[in-house]
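Attaching a single structure in structure tokens format; questions to follow.
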There are 2 protein chains.
Amino acid sequence: METTREKLIRATFDEVFSHGYQGASLSDILAKAGVHKGSMYHFFANKKEMALAAIEETILKKNLQKYSYVETYTSGLLEAFYTQLKDTSVRDFKRGCPIANVVQEMSNIDEEFNTLMKSIYGAFRANIKAIFDKAIEVGEMKPCDTTKLALFTTSTIEGAILAAKASGNAQDYSDVIEELIEHIEGKR
Amino acid sequence: METTREKLIRATFDEVFSHGYQGASLSDILAKAGVHKGSMYHFFANKKEMALAAIEETILKKNLQKYSYVETYTSGLLEAFYTQLKDTSVRDFKRGCPIANVVQEMSNIDEEFNTLMKSIYGAFRANIKAIFDKAIEVGEMKPCDTTKLALFTTSTIEGAILAAKASGNAQDYSDVIEELIEHIEGKR
DNA sequence: ACACCACTTGACTAATCGGTCAATTTTGGT
DNA sequence: ACCAAAATTGACCGATTAGTCAAGTGGTGT
């Protein structure tokens, strides 16, 4: 059974993902979670702390399962990565990328959000870098500046999601990813 | 002299760029513009219409001067484009990209914003495509799918700005742009 | 001089915002 | 069974939000 705190985390993440942090209404979150206001303030100091917790915990949990395959794979690592990239079923092009959304909304507004998003986005880059490092290690790729390549890759992915959100056309995402993969393939 | 309407447009764009549309306070905008509330409602039906006007007019004006060089250039077009891309002095990495910010905040929330941003982002892509088309025309580049290349380029640029905003490090932008230019150079 | 109209002023409203808190119920340990 | 702590309830608060409007100002054309 889902605890009250879990209900709040889930509802908060969803509302923030949909309407942004500033646009997320506390009463809407509470209604969605089916939790009363006073009860919420028992678990969290305020709206901001609840949102920070929701973002951190949700994304942390998601990333844990998302990049776990890197450890076990010994061959075909890049192909597995490409397959993952091309999989549009995990994407929500209407709402975009939860990380990018919060970065753009809050990084320049609030120091705590800035710190959190810096850490999350940094972890994203580190995860991608780990894939390239491993690919080089197992001989799937020529040695190169994987930090830079990971930065380029994450940037292009985020840009691709944004493009699809702007146009309302998921194909735009796929087109960018296709070209990105070509670029990475050039490093083999 | 700046008209009242111009003052409002300028203040609104700046506030929306800084705090997002939802986070932009009408009273703050009015204070910054030095205009009274009733006066504002003489020119605009409501906050939303003012914001839409501010975004459209400001970005339209900016883009007009930004890509005017494409018409006149006959050689070294790609180099000129690269120089423009590398120029970080026109960027505001704290606040990010005004287009991307609004797309991410509003595209999935409001239909009018969605329509406007679709048009603005589309124009951005068209501008970049025009550069590649011209480059091919004057023989600086091999023929290729310029629609796709423009989509890739704009996506990567937006992603690069986001990366720099997330990390607080302008160098991240430059690194991505460097790799992007390498990629385009591969098409020569 | 008068009238007209664009524009400005600033007080006002209703609704919503995030947040507080005392009273109450539920739960777990002994 | 009893107690204390944890959790829940819901009314209430001040501040802020976007938006309204009647009254007034100032310039322009006749």
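Lettering of chains follows the sequences in order, A, B, ..., and the numbering in each one begins at 1.
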Expected output: side-chain B:Glu182 to main-chain B:Ile177 donor-acceptor under 3.5 Å: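 Judged by distance alone, no pair lies under 3.5 Å.
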Pair listing, salt bridge (Lys or Arg N to Asp or Glu O under 4.0 Å) test, anchored in residues 73-85 of chain B, at least two apart: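 Residue pairs passing salt bridge (Lys or Arg N to Asp or Glu O under 4.0 Å), neighbours aside: B:Glu79-B:Arg188.
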With A:Glu2 via side-chain contact (heavy atoms from CB on, under 4.5 Å) - residues at least two apart: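 If we apply the side-chain contact (heavy atoms from CB on, under 4.5 Å) test to A:Glu2, skipping adjacent residues, the hits are A:Glu6, A:Lys7, A:Arg10.
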Of residues 2-20 of chain B, the positions that come close to DNA chain D - non-hydrogen atoms, cut-off under 4.0 Å: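 Result for residues 2-20 of chain B: none.
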N-O pairing of B:Glu140 and B:Lys134 below 4.0 Å: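 Salt bridge between B:Glu140 and B:Lys134, a charged N being under 4.0 Å from a carboxylate O: no.
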side-chain N/O B:His42 vs C:dT8 OP1/OP2, d < 4.0 Å: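 False: B:His42 side-chain N/O out of range (4.0 Å or more) of C:dT8 OP1/OP2.
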Partner set under side-chain contact (heavy atoms from CB on, under 4.5 Å) for A:Thr147, not counting sequence neighbours: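 For A:Thr147 the side-chain contact (heavy atoms from CB on, under 4.5 Å) partners, ignoring immediate neighbours, are A:Lys129, A:Asp145.
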Anything under 3.5 Å between a protein N or O and an N or O of nucleotides 27-29 of chain C, put it in a table, one pair a line.
none

List the atom pairs, with distances to 0.1 Å, where a side-chain N or O of residues 150-166 of chain B and a protein N or O form a donor-acceptor pair under 3.5 Å, not counting sequence neighbours.
| unit_1 | atom_1 | unit_2 | atom_2 | d |
| --- | --- | --- | --- | --- |
| B:Thr153 | OG1 | B:Leu149 | O | 2.7 |
| B:Thr154 | OG1 | B:Ala150 | O | 2.9 |
| B:Thr154 | OG1 | B:Leu151 | O | 3.0 |
| B:Ser155 | OG | B:Leu151 | O | 2.8 |
| B:Thr156 | OG1 | A:Thr156 | OG1 | 3.4 |
| B:Thr156 | OG1 | B:Phe152 | O | 2.9 |
| B:Lys165 | NZ | A:Gln104 | O | 2.8 |
| B:Lys165 | NZ | B:Arg95 | O | 2.8 |

Pairs meeting criterion salt bridge (Lys or Arg N to Asp or Glu O under 4.0 Å) with involvement of residues 27-38 of chain A, two or more places apart: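 Listed once each, the pairs are A:Asp14-A:Lys32, A:Glu15-A:Lys32.
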Aromatic plane relationship, B:Phe13 with B:Phe17 - under 30° parallel, 30 to 60° tilted, over 60° perpendicular: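 Correct class here is tilted.
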Remaining members of hydrophobic cluster (4.5 Å side-chain criterion), B:Tyr41: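 B:Leu8, B:Ile9, B:Leu26, B:Ile29, B:Leu30, B:Val35, B:Met40, B:Phe43, B:Phe44, B:Met50, all in the cluster of B:Tyr41.
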B/S/- contact track for nucleotides 16-23 of chain C, protein heavy atom under 4.0 Å: -SBBBB--
Contact list for residues 51-76 of chain A, test salt bridge (Lys or Arg N to Asp or Glu O under 4.0 Å), sequence neighbours left out: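 Passing the test, one end in residues 51-76 of chain A: A:Arg5-A:Glu57.
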Residue list, side-chain contact (heavy atoms from CB on, under 4.5 Å) with B:Thr115, at least two apart or on another chain: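 Result, side-chain contact (heavy atoms from CB on, under 4.5 Å) vs B:Thr115: B:Glu111.
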5' to 3' contact window, DNA chain D with chain B (heavy-atom distance under 4.0 Å):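 Nucleotide range with atoms under 4.0 Å of chain B: D:dT17 to D:dC21.
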Mutual orientation of the aromatic rings belonging to B:Phe93 and B:Tyr173 [parallel < 30°, tilted 30-60°, perpendicular > 60°]: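 Tilted.
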